[in-house]
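Residue numbering restarts at 1 for every chain, and letters A, B, ... go by the order of the sequence lines.
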Amino acid sequence: MSNSALLALLRTATPSQREAITSNKPSIVVSAGAGTGKTSTLAWRFAWLVATGEAKCDQILTVTYTEKAALEMALRIKATLRSWKESLKATGEKGDNLFALRLEEAERKIEEATISTVHSFSMDLIRSAGSTRGTESHRVPSMPEEEEFWRSVEEALDALDSEWFAARLRDERREWATLLKEPDFLDVLEEFGTASMIAFARSAIGLFSSHGSYPDDLWLDEAALVKKDEALASDSAMADNLAALLDEGDRELDRRFRLALAKAAALLWAVWETQKESEQWLSFDDMIRYAKDIIEEDPSPVRRFKAVLVDEFQDINGVQGAFLESLKKSSGASLFLVGDIKQSIYRFRHADPSIFARQIAAARDGEDGLYVAMSESFRTRDALLEVINDLFWFIWRDGIEGRSSIPYEPIEGAKGAPWWSKRCSATGVKPLTILIERGSEDTKAEEEREAAARKLGAALSSLKGKDIWDKEKREARPCEWKDMAILVPARTFFPALERVLRDEMRLPVALFSGMRYFSRFEAQDASSLLKVLADPSDDLALAGYLLSPFSKLPPHKAIDLINEGADNGEKGRLWKLLEIREPEITSHLLSSRRLAALEGPSRALAALIDEARAFYALPVHMRTGAMLALQRAVDIAHEYEAALGPSLEGCAAYLHEATREGLKAEEVNVDLEAEDAIKVLTVHAAKGLEFPVVAVFGLERHFAARQGESLFPSIPLFASGSRFPDRWGQKNDPVSKKAHRLIEEREGSEEWKRLFYVACTRAQDALLLCGIWPKKGGGPKEGTWLHHVFNWLDSKGEKLEDYDSFDDEGTRAERAGKKMPLERSVALALPGQRGGALEVLSATAFSTFRYCPRAFRLKYRQGLPLAWELPSEEGASGGPELGSLAHWILARWDFAPESLDRFLSKKGEYIEGLPPALKAPFSEEVSRRQLREWLSGLAEGELGQLLRQRLSLGLLRREVPFRTRVGETTLVGIVDALWEEEGRIHIWDYKITSLENAPMELYAEQMRFYGLAWHLLHPGRAVKLGLCFLREGKTEFLEGVDFEEIEEAVRESACAGANGPFSPAHARCGSCPWRNFCFREAATAGGRA
Amino acid sequence: MRAIAKRPAIFVVPTDDDADILSAILEAESPHRERARIWQWTDIYKKTCEALKKKGIRWRRQVDPAERWLIVQSLWAKLSCSEAFPPTARRPAMVKEFASSLRELLREEITWETYRNVTGCKEPCEGGPCAKFDEVEAWLCWLLREYERYLQDRGLADSAQVATLTRELLLANSRRLSPAVRRYTWAFVGFMSFTHGQLELVRSLLKFDAHLCVFMPESGTGAYSAADQLEGIMKKESDPVPPPKCIEISGATDRLAIETALRELLLWSLGKTAWEGEPFPGWENVGILLPQDDLPTAKEALARFRIPYQLKSGLSVSQTPFWSLLSRIFAAAKENWPARKTSFLLADRFLLGESFPLSEAAREAPSGEEGWKAFLKDIPKGVEIFDALVSFWKTIGDGGLPEKLLEALSKLIGEHLGVLHKASDLAGEDVALDESVRMLASSCAEAEKWALEHGVSGEATDTANRALAGDHAIEFLRTWSEEAILLPPLRRRGVLNVYVDSPPVLAHHQAWVLLGAGGDRWPGKLRESPILPDEQKQVFHDRNLGLSPTHLPLLNERREQRHALFRRLLAAGDEVVFAVRPLADAEGHPIPPSPFFEEAVRVETPWVCLARSVERPSSRALLPAREMRFSGVEAAADVPSRGRALPQTFPPARTKEAYLGDVDEWKGCPFRYAASRLWSIKEETHSGFDPKLGGSLLHELWKRLWEQRFRSGEALSDLVEALWEETARSFYEEVLSRYSLYGRRLLYQAQRLARLQDSLESRLAPLRRDQMREYPLPELEIDGVRFKGRADRIELLTDGSAVILDYKSGRSDSYRDSVQLSAYAIALEETGVSVAGYAYLCHKDGSIYGHFADPKLAKIFGQGRKKISLKDKIDEARSVLESMANGIASGLFSPDYTSKSCRDCGYKALCRREEIVRGGDNDE
Ligand code: SF4
């Protein structure tokens, strides 16, 4: 069977794509330049493997970088399988049927294919190997769990609590706790503080674990460090520079410093490992490490794989690389790696592009490998490509990724595509525009930034309505706001852009920010609220809440209150004042507080979302964001509760600390595609996206090694810091700091170029580059994008200004047309809803409700164990259990005094069947004696005789359940004793309370209920109701029951019992059997108020 | 349904809830008949036993899930105690896995003998576990045998065995029982498929010639169903019904999806739907099914729209506040009562509440049993409550019989901590909170009940007599809490019905809302059982070729079962069904649509008819004004703002007094100044070491040092050590103990600054006429505002001029912009003293920053030439003071959002910085 039919399906592919897709080399590495159809290539490769029978769909592992990409990839693969199948069916020869069948099967079974991120694939391996490795319930810790752990470390470190550490170290590592007594360590800790030390350790853990190291690798001694340093100075690419640097300063001291730091990191890492172990937590690197161990030990779970396809390979880190290696080894699968080293921009997540570089080299040189560079772009039109190629050819004239010197591979337009030439000529915008703002001596940096933003705004406005290419429809159309994106190297540029574009020029913009959720005011306000709820006397939190839009108090009123309270210096005064001035707010807060205490802090936060009024105080452009941010706060509270319990105080503290320290957490963003607005986003966030018009803003920015960190980890140097501890009396900076900076600068500025490449290649039709020319002479700072652009043009004898022109016509017109007509608002009133009656009402529930609605609430709605507390009767015992035991016997006994022994002696034959709950009262001698007394009394009395007789006639029924209906409610209950005689139903109920203390009203209601029920069940018959008081052997009859009246009462109670109110019936308190319980309630409540 | 037979009928249903539903259906069909016989499998078993009581057949009581765990746990412990046993497998978590595999086998009637036959094991294994320590298969084999024997020996049964036991009895006593069996029509209602045991029982009923009918839910999928199982034996009885209309709803998040579904319902109830709907059937006829995780969010949304509802599913104790409180106690106890965790625990309203001094606890950070007792001794009830926790933890640690553990637990929560009373009290007048109270109370009652039932009457099982301690005890309590199901609240009419996780098979409503209908759950991640993997199951299937082969479902069959279930759930809506899903999970990972759903709405063979799709992306978190929304609880996205801004001017200060020392604060940000100084809102102090207190300790130290120096003439640096401890003890004792790290640093800094001053002293002393410490500066009045101040130290020189000195804890370069001492200078000069200069003595870097008029004097203080002269500095101070006076008098306290003080400012929520200049300047 020939593959020609399949090859025909690839006719739209470029030759290089085809080469890669159809290759049968075991190791294929594809460099896919920006816009060259990476996803299609992978999907095609997948379909190819399936169709040719090289692998079934569950034998292919497809690895993507994000979950979102995995989902898209799955859809893409499915679509490809289907379209190939259909084309084959439609056009194929007979012999192609097999291909179609294979594709069809794969499409049907696509869910069995593994298309996921490397992390979720690893997690699956871990879970399924759970039973033998004990990892079935391992998981990634939530943010609050992790933060709480590090807080406890801080607590222990603050107190130099070496026992705490020792308790968390295993085996040989237990020794490590002595670090807390070592002077060098103490000096460093004292100098930089515990918080910095922890921040340092956490980043060291991240860095080193991503390289596959363990805590022990950081627990070094001097000799080991010396050795490492020597190795570093001899084989690094910068050996000379480094060696020279290291010779400059005090190397001895420097090593002591680094040793102390490395050990500190090792120690904290070790306790973190213990914590993870005991809580069954995994870090992301752990996942991969565990998974690697699993398949190395027993490769069976991965043996089925015949092919592994990996996307975004340039972003892989050390552990992931090693895992893929061992996956390949254990499964024998072929590898198909796709990536673009020029787009590797995740150094901060420890991505290591050199892994890719090595793979490329191996594929190129090795027998088994194939290296393909895909360079045909389906994204960017030729004119712009020319510019980009020219620019980056210049920037990377010495090769990409310094060490490996890979040459820049230019991107070409997809000339083979029939629509390409139309695409290239359809656009009515200039490919490249350069906008440079030149500040004057007395302008501030921020002003210059705003001026640049203004320029950019004008340029973008002028582009609106010009023709651009619609990639989906493959035709030209006028450019809209949503076709434009402004990419910035860092979020620092956001405020200026927002101020100018949105507030000043009134252009629609949507900002996509990164990880600063906790700095948002909504997060702060949520935190203020929780703090107030936890402690109303917290003036700062209360003032914050009052000033927030969510208190609905106008700010000037809040300020007045705050000012008014100022004279009185005591804590909690603001609350007191608020109680007087704005009682509605305090009572609202108090009820939120109760809500939070009973149902968790998240519930109290959720109530914030419900207040439409608060949102109207916010300007329109902030409103949706505010809503999302608050919803996020609720989710964070949920997360906290799930991890650490619904503690109001704990959650308040967590949220507060998170906002105070600006913990990193994903921002809330509205969906990228949804709005017709200019998107503003960081280059990182734009990765994988494309836009017709792209403006790169902030060309003047220089790569800056992370600032503000006093201590930092480093792979070659282990660690260093910004200065030595004061005590060491060394004023010079540590040499390792300089060395670190040297390395950082070199790698960082390499990445800075790649970041620029990613930014520029997002553009389909037009690219705008915007920057600020430095005030000081000497031109743009080296390493800035502006510097590159300037030099590039210079090398061609051109000037920046040559590219600085745009048509500014549209702007004013746009501005004029900006006012949107307001549409009519459609607001519905929230219907006041009330549920219906109780579905079921029992005799006891009914009588309790009638007796006292509050008692009903406590017992039936709150489920409290309302103990029946009677005034002490003679003989002491008489609790509810005794009553139940009496009833149990009465339901079985033949009312003959002589047979009482069978029930009441310890060897009685009935004892075996006694329900567990009755064993306790039975075991008491007193109770049994008392019961014997009562029951023989009954047997001797008139009622006893009657009962015995009816029983012998077979008339008597005992413990008779009934079920009937009034309205929507089913009435249920169990009658103690019942018989029918002469058309009359006799109903009896036994009581053990003394007549004198009996809550007769309660009993009466219960009997009436029985009466009604039997009346309804047997409408024709009369009902006679009797109560039997066992203690005294007396009986009482209930006369003159009005069934209509009682039916009405049942209806009412069924309704009120479901919906309230449940006001106490104070008149009955005196004789209420639950008064002790209830008064205790009242007392605590009163005590609090 | 009643009409099915001429004979009286026995209905057999899967669960209690199904029984309720069926009885309601039957009652509606013929209201006045007596209640129908609605049984479950166990009832058949029980009745069979009763009928055979005379023959001496004893009913084998079924163990409850917690008991089952105890039994398997004890067997597991026996198995895994051997040295050779792999330690990773010794985890308590394994017990649960094994228990579920054992049940899977029993349900399929795979007894130990069958198991052994199929695996072909020839090892001798009587009298103790076999020696195959590294084989999961062997563990299961042994456990199966022991479990069966254990139950049998004690007259107990697992519910998975019930059908089998019944059938065995029926067959062994067929003559005796057949009239009774034949008397009835047996109607099996609501079984998607039967387990092997059940199926065999049904077949054996047929052998009795009983009249049988099976009402089974259809799913229209290829899943192996009751119909397939009974193929050839019975004919199907089901009427085709028209597919319900389906509304597909998706939201960016869980919350948005749920809210959208509820508001659609609400709009429908008001006759305002945007789709062609049936008339709203009333809340009573609407059901919602939601996954447990969504319950909190759903509750929030229901409260928001004030939709009356009731929970129809009982939650387990583990899902109540009872368990979360307990988990927090365990978490704190396990770590020996660490400061933070224990503080939050004790501050909880169920424990000490307001009487617990949280901020004091944050400062003192007590920990451990003793530490806490000392801390709590003066707090009412403090020690009592803490003791209750400690002694409960001790009970857990020492171990006890399961019933004792549960008793202790219920006592702890109900009595010792008084949680129930506190909760009821908290609910106050708010009846909406009653349910939370009930959750606590019923959990307590449930614990008590278990203890009672298994305590006094626990003779039947001796596992209950095995004491459990530590982790095992906790694991037992956890298992119990997961298995103890509480009753749902009192049922009401006319309200929306909410089901959690899985509804009874028979549940159906006119309108039905299926939440969480995305691909993450349907089918979701299905995994093979680690103990009984598919490969192993296949072996059973292949080798066990009896007439009716047992069948342990494989992964793809489980997927098909999920598919069938999904369809049943869609079909639980008689007329309308809402299929609701979020587009992303809590971590923001996208959730694809369910393939089952896509298939169900496929036009060629619709299971449900897709009528409309509603999407709620995050950009529509608020809806535009033109769309319908509920006033008060839903804001429109685009109605113009009513506006809201911090006032431009504030009320003028109520005092005309200010401190010169605050001038830098003012200069940094007037708003900050007003908040801290005028409105006296205290900035929050961090927990742990208090740097402010550390600062005043140093000030005091310097005062004492100089006094001593003048008294004895010794060098400062020689005195520091001696005075340190005593000063620290009287000012901030903790720097000598708990915060010794900080003490060490303070002492070091003091020593360093002492040395610096000593070296200065040799040059300064000859010029000194006098030294004043803590010197009250003359009052300075500007525009009616009186400025006061106190200088740390003033050196009066022989030429009559003065040098002002101040101790600072910061670093010298941070005082470049300070005008504090220049302001002091102005005040001092008022009295005619000429100020020759000033300097900040900075602890953090042990150096000095100052301005001097005379370069020679500057040199003495080690200061080089400065760009700005002393005079300039003083002028600057004057103008700052003037603006300050003006501001104080007229309320000009605008925040300076570009101020350096913003970085660590605690007033951000007050000045609304983030609301106004969003984004700020801090970078990622
Ligand atoms: S955050 Fe900045 S602007 Fe706001 S009060 Fe503090 S210092 Fe002033």
Side-chain angles (χ1 to χ4, degrees), chain A residues 67-68 71 130-131 134 158-160 190 490 492 494-495 514 521 524 528 539-540 544 547 555-556 562-563 566 594 597-599 606 610 612 615-617 619 624 627-628 645 647 649-650 670-671 674 823 825-828 830 833 835-837 839 861-864 916 919 968 1058 1060 1084-1085, chain B residues 88 91 255 300 304 308 324 328 344 347 349 424-426 431 433-434 436-438 441-442 452-453 456-457 491-495 530 589-590 592 617-619 621-622 625-626 628 630-633 635 637-638 641-642 644 646-647 651 679-681 688 738 741 745 909-910 914-915 919 923-924:
Chain A
E67 302 278 351
K68 186 157 171 260
L71 195 60
S131 69
D158 251 351
L160 296 176
E190 179 194 278
T492 341
F494 277 17
F521 75 91
Q524 285 173 358
S528 294
D539 297 321
L540 178 60
L547 278 163
H556 69 91
I562 293 168
N563 182 52
R594 286 184 294 150
L598 271 172
E599 308 211 322
D610 298 353
F615 289 91
Y616 287 133
T624 304
M627 173 52 100
L628 292 170
S647 158
E649 291 72 21
V670 287
D671 6 295
E823 280 165 279
S825 154
V826 197
L828 302 170
L830 205 57
Q833 316 214 34
E839 232 174 89
R861 291 181 55 90
Q862 301 192 339
L864 297 179
K919 294 202 173 166
E968 327 179 86
T1084 24
Chain B
T88 43
R91 290 155 296 123
R255 171 172 286 101
E300 286 160 21
R304 176 182 204 185
S324 52
R328 285 164 64 199
F344 294 147
R349 265 152 204 74
S424 176
D425 178 22
L426 270 172
V431 294
L433 297 176
D434 286 352
S436 300
V437 184
R438 199 184 66 92
S442 339
L452 195 66
E453 278 171 10
V456 193
S457 73
R491 291 194 176 168
R492 302 154 66 189
R493 297 262 175 218
V495 298
H589 298 152
S618 56
S619 54
L622 293 177
R626 79 186 110 79
M628 275 183 285
F630 293 95
S631 56
V633 297
D638 46 1
S641 170
R642 281 201 311 266
R644 165 195 138 73
L646 213 54
W679 307 330
S680 26
I681 301 226
R738 180 176 174 81
L741 176 67
R745 174 140 189 92
L910 269 59
E914 294 297 321
E915 189 183 334
D923 201 6
E924 57 195 297

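- Options B:Ser436, B:Ala441, B:Ser618, B:Pro647 differ in how many heavy-atom pairs under 4.5 Å they form with chain A, and the most are formed by B:Ser618.
- The main-chain N or O of B:Ile681 is never found under 3.5 Å from a side-chain atom of A:Asp539 such that the two would form a donor-acceptor pair.
- Heavy atoms of A:Leu71 lying under 4.5 Å from chain B belong exclusively to its side chain.
- With chain B as the partner, the residue from A:His556, A:Arg861, A:Met627, A:Glu599 showing the most heavy-atom pairs under 4.5 Å is A:Arg861.
- With rounding to the nearest 0.5 angstrom, the CG atom of A:Leu547 is 4.5 Å from the CD1 atom of A:Ile562.
- Contact of A:Gln524 with chain B is made through the side chain alone, with heavy-atom distances under 4.5 Å.
- The residues A:Glu649 and B:Arg349 are annotated as salt-bridged, a charged nitrogen and a carboxylate oxygen being separated by less than 4.0 angstrom.
- When the candidates B:Ser442, B:Ser324, B:Ala347 are compared by the number of heavy-atom contacts under 4.5 Å with chain A, B:Ala347 comes out ahead.
- Top candidate by heavy-atom pairs under 4.5 Å with chain A, chosen from B:Leu646, B:Val495, B:Leu622, is B:Leu622.
- Side-chain atoms of B:Arg493 come within 3.5 Å of backbone atoms of A:Glu968 as a donor-acceptor pair (strictly under, hydrogens ignored).
- Ranked by non-hydrogen atom pairs under 4.5 Å with chain A, the options B:Gly494, B:Ala635, B:Pro592 are led by B:Ala635.
- What you find for A:Gly836 and A:Ala1058 is that their closest heavy atoms are O-CB, 3.3 Å.
- Contact count against chain A (heavy-atom pairs under 4.5 Å) is highest for B:Arg644 among B:Arg438, B:Arg738, B:Glu300, B:Arg644.
- Nearest heavy atom pair, residue B:Glu915 against residue A:Phe521, reads CA-CD2, 3.5 Å.
- Only the side chain of A:Ser528 comes within less than 4.5 Å of a heavy atom in chain B; its backbone stays farther off.
- Contact of B:Arg745 with chain A is made through backbone and side chain together, with heavy-atom distances under 4.5 Å.
- Annotation: maximal heavy-atom pairing with chain A below 4.5 Å, among B:Pro590, B:Pro308, B:Ala909, occurs at B:Pro590.
- Of the two parts of B:Arg255, only the side chain, counted from C-beta on, holds a non-hydrogen atom closer than 4.5 Å to a non-hydrogen atom of chain A.
- Atom-to-atom distance recorded for A:Glu67:CD and B:His589:NE2 is 4.5 Å, nearest 0.5 angstrom.
- B:Ala625 approaches B:Asp638 most closely through the heavy-atom pair N-OD1, 2.7 Å.
- For the pair B:Leu433 and B:Leu426, the minimum side-chain heavy-atom distance is 4.5 Å or more.
- Contact count against chain B (heavy-atom pairs under 4.5 Å) is highest for A:Ala617 among A:Gly645, A:Gly1060, A:Ala617.
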